[in-house]
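Proteins come first, then strands; the chains are lettered A, B, ... in the order of their sequence lines, and each starts at number 1.
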Amino acid sequence: MSDRPTVGTGTFGPDLVEVFGPSQQDGGPELVQLLTPEGERVHHPEFDHDFSAEELRGFYRDMVLTRRIDTEATALQRHGELGIWAQLLGQEAAQIGAGRALRPQDYVFPTYREHGVAYCRGIDPLNLLGLFRGVDQGSWDPAEKNFGLYTIVIGAQVLHGVGYAMGIQRDGAVGTGDPDRDAAVIAHFGDGASSQGDVNEGFIFAASYNAPVVFFCQNNQWAISEPIERQTRIPLYQRALGFGFPGVRVDGNDVLATYAVTKAALQRARDGQGPTLVEAYTYRMGAHTTTDDPTRYRLSDDVEHWKLKDPIERLRVYLRRNGLVDQAFFDDLDQEAKDLGHHLREGCKALPDPQPLSVFDHVFTETTDELVAQRDGYEAYLASFEGEHA
Amino acid sequence: MSGLQKITLAKGLNMGLRKAMEDDPKVLIMGEDVGKLGGVFRITDGLQKDFGEDRVIDSPLAESGIVGTAVGMALRGYRPVVEIQFDGFVYPAYDQIVCQVAKMTFRSQGKSKMPMVIRIPFGGGIGAVEHHSESPEAQFAHTPGLKVVACSNPVDGYWMIQQAIAHDDPVIFLEPKRQYHADKLELDESATPAPLFTSRVVRTGSDVTVLAYGPTVKTALKAAEAAESEGRSLEVIDLRTLSPLDMAPVFESVRRTGRVVVTHEAHVNLGMGAELSARITEECFYSLEAPVLRVGGFDTPYPPSRIEEEWLPDLDRVMDAVDRSLDY
């Protein structure tokens with residue numbers, strides 16, 4: 001007996017196998033792709049784009065450095081320097097494509113795995129480590145970087161993105177035709193989050209108010225150990241139709257396609273045409289987090305299959321085959337990645353632990369007498385130990 | 001409009017919201033039915049007509065969505081005032097309130113503010129069906145990062161809602177729904193209001209201190225009147241703010257009377273009365289002549305409305321507690 005869940009067929013709708021095909025791994029005929037896993041440039045009637053050599057090299061560099069951030073952070077967790085790390089291995093193209101499609105005035109509402117998007121927003125990767133090391137809960141200024149704090153509760157940030165987009169509308173920063181003024185929001189989430197009420201409420205609010213938001217779902221096939229079949233009976237991007245706005249499935253391992261589709265969706269939002277759901281069809285090559293053990297719930301054959309779709313390798317092949325890079329480019333990038341790794345390793349260990357009394361500092365904008373009294377009492381208590389071991 | 005006029009709590013809140021919207025174009029109202037209908041209790045009556053659909057926003061029927069999108073609007077620099085239609089409907093938004101609204105300032109180390117007001121009509125006594133008569137205040141007062149206030153009369157309603165909206169931290173604003181259209185008080189719009197996070201002695205007395213907030217303030221005042229005819233003098237304090245608590249007037253009163261009765265509609269177990277009792281015991285132990293007594297809703301789900309008057313703390317149960325306190 002198949003271990004797939006049994007669902008209705010015929011009159012009441014398609015069987016899951018029929019929807020997803022015998023293998024889910026090709027994304028289906030609707031998948032928007034501009035660069036094949038073999039490194040062949042293909043064209044798409046709706047989402048094509050002319051990329052300069054500089055852009056292509058930039059995408060490659062971004063993905064390599066983002067992978068380095070991920071591998072260094074994973075290693076730091078293994079060495080006990082981070083309590084946990086949410087890995088993005090395999091999702092570099094989805095994140096760099098989306099991140100580079102943004103304009104400075106756009107605003108990002110990330111999950112806790114958007115390390116590549118954060119990198120695109122100019123956040124020092126070292127700042128991403130604080131949450132996972134336990135020294136802070138996000139050290140960047142969201143308003144300065146237009147990049148929200150990582151959100152742990154699954155899908156909660158999607159509503160924040162929609163609300164922020166409604167604020168953009170009220171500021172008159174939509175549909176003016178001024179490319180430096182019109183703004184949009186991108187709200188990230190995963191396939192697991194697509195089951196959450198907040199994500200679905202976000203869809204409804206965005207549709208109801210025609211909010212300038214792009215819902216960017218990285219379907220990496222797994223919500224910890226729960227497969228995509230446990231979240232949906234139809235391809236996720238098709239859900240958008242039920243909410244009244246367009247949905248697109250893009251090859252999330254193809255940075256060119258991800259960039260082109262996200263750019264179009266963001267522009268649509270900035271122009272005042274409302275929300276779009278982008279489903280970046282990808283695969284989480286690593287674990288959900290460093291505490292996870294994916295060998296308990298998925299087949300190594302699947303992982304091996306997806307290795308052949310590696311987002312970095314296919315662009316590397318394309319760049320080489322078309323003479324867009326030379327060995328010096330790779331050597332320089334290799335050195336840059338090493339320097340970044342060193343920065344993360346040394347910087348992580350140097351991140352200072354917060355002072356115990358700092359916990360009282362930002363509970364409120366205007367603190368209360370109650371908290372001041374608790375702080376004073378705790379300070380006096382701590383002071384009572386001073387000199388004890390002298 | 002200026003000068004003196006007699007208003008209900010509903011009118012006071014409506015006038016306060018209007019004034020706040022006039023004073024600050026960043027103030028937005030959002031919720032189910034708040035626009036054309038003016039809210040199911042008519043608290044937002046006429047505001048959409050005068051301020052437009054972009055500022056008084058009729059929302060889809062989704063409480064988490066209302067609060068969650070308000071978080072985003074606050075991050076964009078607006079001051080959203082959201083209406084939860086009834087107390088028992090706040091729970092679908094509970095995660096957004098306690099995990100997102102309450103923690104945004106802390107998580108961002110003060111870089112992101114959440115100047116948001118969440119209005120909740122609360123309490124029972126209106127003959128409603130289930131989920132329409134709850135008192136969830138302790139759950140929010142137990143959440144660091146939220147400030148929780150409860151108004152009890154029309155004048156406070158007018159001032160407190162404006163003060164809450166102007167405040168830079170998130171405020172859970174509790175409105176005693178059975179008082180909305182009950183009593184009228186004279187409002188002087190030129191007066192200087194008491195600060196938001198302060199409690200107030202609303203009746204002086206010398207024998208027992210009765211602590212109340214929201215709907216039970218009226219009950220406590222009735223008890224004080226009744227007690228007076230029996231030769232007993234009750235001091236009634238309207239707490240007004242539940243988090244932070246303003247304990248100075250309470251401690252001062254308890255040191256004089258030595259006896260305390262706390263009354264609220266919420267379940268007694270782990271409720272505001274428990275916190276008040278603990279703080280009074282810590283601070284005024286040697287002044288107490290009797291244990292702090294609590295009169296509240298029983299530790300049951302809110303009952304069918306035909307017996308709610310028996311379930312709710314009333315004048316007789318407060319008086320009984322006063323008797324027990326004085327018997328020590």
Side-chain angles (χ1 to χ4, degrees), chain A residues 107 109 131 136-144 148-153 155-171 173 183 185 187 196-198 200-209 211 213 354 358-372, chain B residues 25-26 28 30 53-55 57-78 80 92-93 95-96 98-115 144-147 167-170 196-197 241 243-248 279:
Chain A
Y107 201 104
F109 284 84
L131 174 71
D136 59 50
Q137 292 167 334
S139 55
W140 59 92
D141 184 346
E144 180 195 337
L149 298 178
Y150 277 4
T151 300
I152 305 292
V153 177
Q157 78 284 354
V158 171
L159 281 170
H160 307 169
V162 175
Y164 194 94
M166 292 167 66
I168 289 174
Q169 279 178 318
R170 278 153 184 76
D171 289 343
V185 163
Q196 285 279 6
D198 276 5
N200 287 271
E201 290 186 26
F203 289 174
I204 290 165
F205 275 66
S208 179
Y209 301 117
V213 57
S358 69
V359 75
F360 296 99
D361 286 350
H362 298 294
V363 181
F364 295 108
T365 300
E366 296 179 30
T367 193
T368 66
D369 292 344
E370 294 171 336
L371 270 181
V372 170
Chain B
K26 291 292 187 184
L28 305 174
M30 189 164 175
E53 293 183 8
D54 273 356
R55 293 191 64 194
I57 306 165
D58 271 322
S59 74
L61 204 162
E63 282 76 14
S64 189
I66 294 167
V67 176
T69 50
V71 169
M73 288 193 277
L75 290 171
R76 182 71 188 182
Y78 287 88
D95 169 66
Q96 284 289 344
V98 304
C99 292
Q100 308 299 324
V101 174
K103 293 179 179 169
M104 198 63 78
T105 302
F106 186 78
R107 288 166 62 209
S108 67
Q109 296 168 66
K111 297 183 184 81
S112 300
K113 292 191 297 187
M114 275 289 112
L146 297 177
K147 292 176 177 173
H167 192 67
D168 277 341
D169 291 315
L196 180 59
F197 302 110
T241 174
S243 183
L245 278 163
D246 177 24
M247 295 302 291
R279 293 207 198 185

Before you tell me yes or no, could you show the steps for B/Met114 and B/Leu75 under side chain to side chain contact (heavy atoms under 4.5 Å, CB included), namely the whole-Å CA-CA distance, both residues' side-chain angles and the distance that decides it to 0.1 Å?
CA-CA 7 Å; B/Met114 275 289 112; B/Leu75 290 171; 3.7 Å; yes
Item to check | Donor-acceptor side-chain pairing of A/Asp198 and B/Gln96 below 3.5 angstrom | outcome: yes
With distance as the sole test, does A/Trp140 use its side chain to make a donor-acceptor pair with the main-chain N or O of B/Ser108 at under 3.5 Å?
no
Structural part of [X] lying under 4.5 Å from a heavy atom of chain B:
X	value
A/Ala143	neither
A/Phe360	neither
A/Tyr209	side chain
A/Leu131	neither
A/Glu366	both
A/Asp171	both
A/Val158	neither

- B/Glu53, CD: over 12 other non-hydrogen atoms inside 6.0 angstrom: no
Of A/Val359, A/Asp369, A/Asn200, the largest count of non-hydrogen pairs under 4.5 angstrom with chain B goes to A/Val359
Most heavy-atom pairs under 4.5 Å with chain B, out of A/Gln169, A/Glu144, A/Met166, A/Gln157, belong to A/Met166
Checking heavy atoms, do the side chain of [X], its backbone, both or neither come under 4.5 Å from chain A?
X	value
B/Gln109	both
B/Leu28	side chain
B/Lys147	both
B/Met30	side chain

- Query: Are B/Lys111 and A/Asp141 ion-paired here, with the side-chain N under 4.0 Å from a carboxylate O?
  - Reply: no
(request) Tell me, with the steps shown, if B/Ser64 and B/Asp95 meet side chain to side chain contact (heavy atoms under 4.5 Å, CB included). (result) CA-CA 8 Å; B/Ser64 189; B/Asp95 169 66; 5.8 Å; no
Does any non-hydrogen side-chain atom of A/Val162 lie less than 4.5 Å from one of A/Glu201?
no
TODO: Check whether any side-chain heavy atom of A/Tyr164 lies under 4.5 Å from a side-chain heavy atom of B/Val71, and answer yes or no.
DONE: no
Just do the side chain to side chain contact (heavy atoms under 4.5 Å, CB included) check on A/Gln196 and A/Leu159 with the steps written out, would you? CA-CA 11 Å; A/Gln196 285 279 6; A/Leu159 281 170; over 6 Å; no
